[in-house]
Protein chains: 2
Amino acid sequence: MSAAAPAPRPARATIADVAKAAGVSKATVSRFLNHRERLLSPDIAARVEAAVTQLAYTPSPMAQALSHGRSRLIGLIVADITNPYSVAVLRGAEKACQDAGYLVMLFNLGNDIDREREAINALAGYQVDGFILNTLGRGAGLIDADALHGKPAVLVDRRHAGMHTDFVSLDNAAAMKAACGHLVDGGYRELLYITEPLKGVSSRRERTAAFGDCVAAHEPRVAGEVYESTGDDGDGLDAALRALHKRAKRGRRAAVLAGNAVVTLRVAAAMARLGLRFGEDIGFVGFDDPEWAPLIGPGLSAIAQPTEAIGRTAATCLLERLQGLEGPARQLLLPGELVVRGSSGGG
Amino acid sequence: MSAAAPAPRPARATIADVAKAAGVSKATVSRFLNHRERLLSPDIAARVEAAVTQLAYTPSPMAQALSHGRSRLIGLIVADITNPYSVAVLRGAEKACQDAGYLVMLFNLGNDIDREREAINALAGYQVDGFILNTLGRGAGLIDADALHGKPAVLVDRRHAGMHTDFVSLDNAAAMKAACGHLVDGGYRELLYITEPLKGVSSRRERTAAFGDCVAAHEPRVAGEVYESTGDDGDGLDAALRALHKRAKRGRRAAVLAGNAVVTLRVAAAMARLGLRFGEDIGFVGFDDPEWAPLIGPGLSAIAQPTEAIGRTAATCLLERLQGLEGPARQLLLPGELVVRGSSGGG
DNA sequence: TTGTATGCGTTATCAC
DNA sequence: GTGATAACGCATACAA
């Protein structure tokens, strides 16, 4: 039933078809489309317009890109599409781009940081007008300002050393301060911050530094510690939590802070393994507010990031640059929201 | 510090540059690149090769697309990028495409089913070589076989009426049978299947039908019911669960089956509201195996879909068609895996 | 105001 | 074997 393909598919109408149908030149059609504000002859315009709708003509973005240099394409590179944060950002950015008539080309590094440059080049090949980067900015394929082929870029969540481009992210310092303050106010005195290995990732370092500042501001009343957790080191994490719990039993209320959604899940799993109860045995506040936060135990307190707004803002930022906005690199820090649930309540 | 832009960016090398550098014609360079197997002159080949690496020449995919008609682009349209299922599929597909030298252009419908045709056209404008569709196949912008501009497509998870293209999905019937069988074996006699509104979505209908078949196969020992849950009707869901629980208290063990991840979350939230405990008060098995399944209550039993494999398979399918594979539309049904946890255990 | 001619970077069809 | 040359679909100087 694969059909004998008798219908000689009438191939998309080109500008030449429209020109012929309207009895004008290709240039006229092109002008009608691009510079309709000025240079118009009433009757000709009408003829062209008719032909355009008649033939359902749509310009070929590829030809336009080749000729005019603009593709109306935005390249979006994410370190790891598995990360819900990246997906949420993607979602916000994609919507903003679509609304502005741009399409998003996605390149997922799959956590292979050495492919960053490869990604840039692949995307640049398609003449993307700009980049949105949610990557590490490290590794062999490290990109510098001019690996970007002169195209504008905006960094999301993670800064790259030596790249002076617009930057959009959560206000990490403020968010961490809110979380710590909440715990201290709630009577917690032993704080453990668990993060993925810093590895020079700016957002992880900023949060860790902010944690240190918060603890320092309350010393010596409050004690704080940082633990770097990798995915394959469950034992280490368990030990850290057990040690924390031990201190809690000595009378000082203890709480753990998770540095992002991945760690939040990891900690939740570890506490389940250890039989520790949120809020009762140990307080718990996580970064990112996963959909399951309300369902687990007494509910998980968390710092919700405005992920979609971050994506939208990043896209908007980039689009403004594409429209010619000049000036120094901007930093847009969006506020997080502390959602209090049972895991950090009285206990 | 925006730089005085003194560096006259050396613009990407073109095939003409390579030709000049090697002292040959553009045609020769093009042949060297595309048809290297035959028609080669040893010395010339060497000169071209040198020039290519020297200038770090990379062909422009856009120009290639314009000229040769192929873009090495795959258009991926998803109904809703918020759905973790879609993301997982995306991930698998994107990886397979990248490995084959293709890039993925993503278009997210944001659940606006009327934009399906718009999406197709936008992507077709960029000369994508083929489509991967994870959409409803319904609504105003309904696409028929030849809205695809003659390009091959593969459907994922949801069939479209009247489209005879390759189709990749979970083996819904087998998965449902496994889940039901597991519950019946476990002594559950009152089964409630909760699904999102069928609305003609093929996967939902297939699962619902399979549920009906399973119940029928065990009648009259087992009784089954179906409830369609919308996002804004928490009360109805609560009532359905309460009714089920009432039957359970009359001595017949009852269990709920959730039709997908969204419903699974909805049901979990409802049971928390109602104070019902998985496994004890009511058995619970969900479709899709969310990351939090092990953490909630005694652990949530679930049918894990091989989402990444589904995405990979879809991409492979499409790439095969692009390589000229003929023949009737294929159906690839991948097996799910029942992961048993506490929620469907003894009670 | 409108038409003509040229270029964007490739591939393919011809001659040579 | 290799080199001109004409497309591909569009935008834009330039000429009219």
Side-chain angles (χ1 to χ4, degrees), chain A residues 9-49 51-52 55-73 121 124-129 149, chain B residues 9-49 51-52 55-73 121 124-129 149:
Chain A
R9 183 165 304 290
R12 288 171 50 113
T14 79
I15 203 172
D17 300 327
V18 176
K20 195 165 48 178
V24 298
S25 80
K26 297 191 297 181
T28 302
V29 177
S30 177
R31 272 188 295 253
F32 171 78
L33 268 29
N34 304 311
H35 313 278
R36 38 176 11 111
E37 60 277 4
R38 52 187 170 188
L39 311 180
L40 288 181
S41 173
D43 57 332
I44 296 261
R47 296 220 310 269
V48 174
E49 175 144 36
V52 166
L55 293 159
Y57 167 75
T58 313
S60 156
M62 304 218 87
Q64 289 185 148
L66 193 60
S67 173
H68 184 256
R70 273 168 210 156
S71 63
R72 298 194 82 75
L73 243 33
N121 288 334
Y126 285 97
Q127 301 277 45
V128 297
D129 293 337
H149 302 265
Chain B
R9 183 167 303 292
R12 289 170 49 112
T14 79
I15 203 172
D17 300 327
V18 176
K20 195 165 47 177
V24 298
S25 80
K26 296 191 299 180
T28 302
V29 177
S30 179
R31 269 188 299 253
F32 172 78
L33 268 29
N34 304 311
H35 313 278
R36 42 179 2 115
E37 59 279 1
R38 52 187 169 187
L39 310 181
L40 289 180
S41 174
D43 56 331
I44 295 259
R47 297 220 309 268
V48 175
E49 174 145 36
V52 166
L55 293 159
Y57 167 75
T58 311
S60 155
M62 305 218 86
Q64 290 186 152
L66 192 60
S67 173
H68 184 257
R70 272 166 210 158
S71 63
R72 296 193 85 74
L73 242 33
N121 288 335
Y126 286 96
Q127 301 277 46
V128 297
D129 292 338
H149 302 266

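Chain A is the first sequence line, chain B the second, and so forth, proteins listed ahead of strands; every chain is numbered from 1.
The shortest distance between the side-chain N/O atoms of A/Q64 and the OP1/OP2 oxygens of D/dA11 is below 4.0 Å. For B/Y126, no side-chain nitrogen or oxygen approaches OP1 or OP2 of D/dG9 to under 4.0 Å. Taking side-chain N and O atoms only, A/S30 has a distance below 4.0 Å to OP1 or OP2 of D/dA11. Distances shorter than 4.0 Å separate some side-chain N or O of A/H68 from OP1 or OP2 on D/dT12. Residue B/H35 places at least one side-chain N or O closer than 4.0 Å to OP1 or OP2 of C/dA12.
Separation of atoms CG (A/L55) and OG1 (A/T14) is listed at 9.0 Å; rounding is to 0.5 Å. Annotation: the span from B/R47 atom CZ to B/F32 atom CZ amounts to 12.0 Å, rounded to 0.5 Å.
Comparing C/dA12, C/dC8, C/dT10 by their nearest atom to the side chain of A/L66 picks out C/dC8. The side chain of A/A63 sits closest to D/dG9 out of C/dG9, D/dA11, D/dG9. Considering only side-chain atoms of A/S41, the nucleotide from D/dC10, D/dG3, C/dT2 that sits closest is C/dT2. Comparing C/dG3, D/dT2, C/dT10 by their closest approach to the side chain of B/I44 singles out D/dT2.
Contact of the B/V29 side chain with the B/S25 side chain is not registered, since no non-hydrogen atoms from C-beta on lie closer than 4.5 Å. Here the side chains of A/E49 and A/V52 are not in contact, with every heavy-atom distance at 4.5 Å or above. Considering only heavy atoms from C-beta on, B/Y57 comes within 4.5 Å of B/I15 through its side chain. Between A/N121 and A/H149 there is a side-chain heavy-atom pair separated by less than 4.5 Å.
Using a 4.0 Å heavy-atom distance criterion, A/L33 is classed as making no nucleic acid contact. Among the heavy atoms of the strands lying under 4.0 Å from B/T14 are primed sugar atoms or P, OP1, OP2 only; no base atom is included. Among the protein residues, A/F32 comes within range of no part of the nucleic acid, since none of its heavy atoms lies under 4.0 Å from any strand.
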Would you tabulate the side-chain donor-acceptor contacts of residues 62-71 of chain A under 3.5 Å, counting partners in other chains and residues two or more places apart, or write 'none'?
from, atom 1, to, atom 2, distance (Å)
A/S71, OG, A/L73, N, 3.2
A/S71, OG, A/Q127, O, 2.5
A/S71, OG, A/D129, OD1, 3.4

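Using a 4.0 Å cut-off on heavy atoms, the residues of residues 16-29 of chain B that approach DNA chain C are B/K26, B/A27, listed by number.
Protein atom CZ of A/R12 is 12 Å distant from nucleotide atom C1' of D/dC10, rounded to whole Å. Between B/N34 atom CG and C/dT10 atom C1' the separation is 9 Å, expressed in whole Å. In this structure, the CZ atom of B/R70 is 17 Å from the P atom of C/dT10, given to the nearest Å. Between the P atom of D/dA11 and the CD atom of A/Q127 lies a distance of 15 Å, rounded to the nearest Å. The distance from atom CZ of A/R31 to atom P of C/dT4 is 11 Å, rounded to the nearest whole Å. Distance, B/I15 CD1 to C/dA12 P: 11 Å, rounded to whole Å. Distance CZ (A/R72) to C1' (D/dA11): 15 Å, rounded to an integer number of Å.
One N or O on the side chain of A/R12 and one on the backbone of A/T58 form a donor-acceptor pair closer than 3.5 Å.
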